[in-house]
Amino acid sequence: MKYLKYTRLLCMALLAMGFTACNDEDAYFEEDAQNSPIVVNKVYLQDVESSVPDREVTFARLGQVIRLSGSGLYGVRKVYINGYDTYFNRALVSDQSLLVQLNKETPVAEAEEEVRNTIRLVKDGSEFVYKDLVVRAASPQISHISNTLPLEGEKVIVYGANLQETLKLTLPGGVEVSAGIESDEDGEWYSFTMPGGVSQGGSITSEGANGTAVTPAYFNEKSCMILDFDGTGVQGFWSWDAGKSMCDDEHDVADDPLGKRGKCALLVPQRMLDAGGAVSSKPRVSEWWTAGNDEPTDDWNRMTGLIPAETPVNEVAFQFDIYVPQPWSGTGHIQISLMNNFNISGIGSDDDGTNNAVAFCVPWIKEGVVVPFYTEGWQTVTIPFSQFNKYATLLENEEEATFQMVIDDRNGASYRNFGMGFVNTNFTFGGVTVESTLFNQKIYVDNWRVVPCKKTIVSDFPDEEE
């Protein structure tokens with residue numbers, strides 16, 4: 001499709017400039033043309049799908065077509081962009097204009113300093129170097145953030161693409177960071193140390209070699225907290241017994257092993273680990289619930305002040321923080337239940353029905369491969385509500401699924417407890433079949449919350465943003 005797009009574009013440009021098919025190509029190499037001085041005054045981006053198809057620009061991205069405007073361009077033999085020998089069609093060259101597409105193999109961050117952001121035009125008897133166009137790779141994009149609720153002094157890694165040479169960050173509330181930023185040379189991440197004074201939640205805006213990127217608006221976002229085990233939200237429990245799955249706030253809530261975050265949940269509580277851990281083929285190893293008793297945080301309608309009720313479920317997510325000090329793989333998974341209508345029996349059980357408001361987390365299986373999972377500190381897990389079975393089914397059937405539906409399903413349940421449990425059964429996930437074994441590791445979780453998770457691609461030209 002891109003080939004057809006640019007073919008159409010170039011044909012339109014050809015007609016617009018009044019070229020004809022009978023141009024004398026030999027004249028292109030005659031002495032007058034080869035010795036005439038070259039001048040480039042401006043560069044224009046050519047995009048027939050834009051509201052401004054011939055736009056003057058100071059930067060362009062790989063793959064885009066640009067038009068050089070000036071004089072003496074007829075006769076140009078070579079075009080070097082960032083030092084890269086770039087093909088162009090002589091039929092699209094006049095004395096005042098030259099069209100060329102920025103080859104996707106053109107070096108950007110890795111270009112030699114003396115040729116970076118230059119366009120060098122060469123004839124037999126003259127040449128010209130244009131230095132007023134910044135050459136960029138594709139637009140930077142964000143995939144996820146390692147820790148969306150960091151404490152001051154903790155390292156944060158933002159993952160994505162085309163994030164080379166990130167030099168400045170603006171955190172929620174306008175807090176700016178310019179020192180201590182590290183960037184991956186392949187553009188897959190940047191990192192920084194969380195400063196003090198960040199009291200608001202929202203997005204991180206980054207500025208780098210390839211432009212501006214904006215994270216989803218869930219960084220430092222705590223206003224839709226469900227349960228943090230430190231006073232926000234109320235934990236629910238009943239029929240507690242030392243030998244049973246129910247977890248309470250007296251016997252099972254743990255101190256943060258890293259000593260910074262107060263209380264948290266040890267997903268398989270210490271009393272079970274002391275007794276040997278979770279045996280194989282064991283459903284409902286442990287269960288942690290909210291109270292569901294009409295206390296202020298229980299009604300999720302309160303969240304629509306941050307996340308509009310009509311928000312699609314793929315743009316709103318459940319987040320929690322996890323700390324796994326030792327590599328976890330081979331057995332066990334997490335079940336998350338919107339309400340207390342399920343048996344915490346895991347993937348492949350009756351709980352895993354297409355109409356059930358449940359989701360599963362198996363962080364040690366990635367893209368069909370077992371990869372032992374551990375964290376060096378607290379890390380954030382993000383599960384869009386579009387991954388909860390019921391809403392995933394609606395989307396697969398091309399039906400509407402909104403955040404209000406999630407709220408109504410939860411608020412209208414007979415048992416409104418929101419919960420998380422550990423399951424140690426046999427299951428198949430992501431194409432991997434798992435035969436359960438004894439599980440006796442520590443998995444800490446904290447800060448259950450709902451957040452907006454819509455991804456943003458920043459337009460190069462704000463006048464075209466919707």
Side-chain angles (χ1 to χ4, degrees), residues 226-227 229 235-249 251-254 256-257 263-290 318-352 356-365 370 372-375 378-381 383 387-389 417-430 432 434-448:
I226 301 170
L227 184 63
F229 304 97
Q235 187 179 345
F237 42 87
W238 47 94
S239 303
W240 184 91
D241 183 279
K244 293 184 178 180
S245 60
M246 183 62 64
C247 298
D248 72 359
D249 62 358
H251 304 89
D252 300 320
V253 170
D256 174 10
K263 299 294 184 180
C264 60
L266 181 55
L267 196 56
V268 178
Q270 191 63 51
R271 58 183 167 85
M272 294 184 182
L273 297 176
D274 291 342
V279 298
S280 63
S281 302
K282 174 68 174 175
R284 206 174 197 130
V285 172
S286 64
E287 52 188 306
W288 298 77
W289 298 99
T290 61
F318 170 64
Q319 275 189 345
F320 66 96
D321 298 330
I322 189 168
Y323 173 50
V324 183
Q326 299 296 324
W328 168 27
S329 67
T331 195
H333 62 279
I334 298 170
Q335 177 172 327
I336 300 157
S337 303
L338 189 64
M339 69 284 290
N340 186 12
N341 288 25
F342 309 106
N343 295 315
I344 317 296
S345 48
I347 297 171
S349 71
D350 290 343
D351 284 3
D352 195 13
N356 292 344
V358 298
F360 303 97
C361 178
V362 193
W364 49 271
I365 296 179
V370 173
F373 177 77
Y374 72 97
T375 66
W378 286 97
Q379 181 172 306
T380 298
V381 176
I383 304 177
Q387 293 180 16
F388 281 62
N389 284 15
N417 320 87
F418 181 92
M420 179 183 296
F422 191 79
V423 183
N424 195 36
T425 57
N426 302 337
F427 66 97
T428 298
F429 180 82
V432 177
V434 176
E435 296 291 331
S436 62
T437 59
L438 177 70
F439 181 89
N440 55 6
Q441 293 181 237
K442 292 184 177 182
I443 299 175
Y444 299 91
V445 298
D446 200 4
N447 297 324
W448 300 358

Checklist entry - Between Thr290 and Asn417, what is the shortest heavy-atom contact and its length? => result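 Looking at all heavy atoms of both residues, the shortest contact is O-ND2, 2.9 Å.
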Checklist entry - What's the shortest heavy-atom distance between Ile365 and Val434, and which atoms? => result CD1-CG2, 4.2 Å
Ring centres under 6.0 Å, that's the criterion: do [X] and [Y] meet it?
X      : Y      : answer
Phe422 : Trp288 : no
Phe418 : Phe318 : yes
His333 : Phe427 : yes

Mind checking whether [X] and [Y] have parallel, tilted or perpendicular rings, split at 30° and 60°?
X      : Y      : value
His251 : Trp240 : parallel
Tyr323 : Trp378 : tilted
Phe229 : Trp448 : perpendicular

Next on the checklist: Using a 3.5 Å distance criterion without hydrogens, assess whether the side chain of Gln235 forms a donor-acceptor pair with backbone atoms of Cys247.
Outcome noted: yes
Checklist entry - Do Gln319 and Asn447 have side chains that get closer than 4.5 Å, going by heavy atoms? => result no
Item to check | Rounded distance [0.5 Å steps], NZ in Lys244 versus CZ in Arg284 | outcome: 11.0 Å
Checklist entry - Say you draw a straight line from CD of Gln335 to OG of Ser286; how long is it, rounded to the nearest 0.5 Å? => result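 Result: 11.0 Å between the selected atoms.
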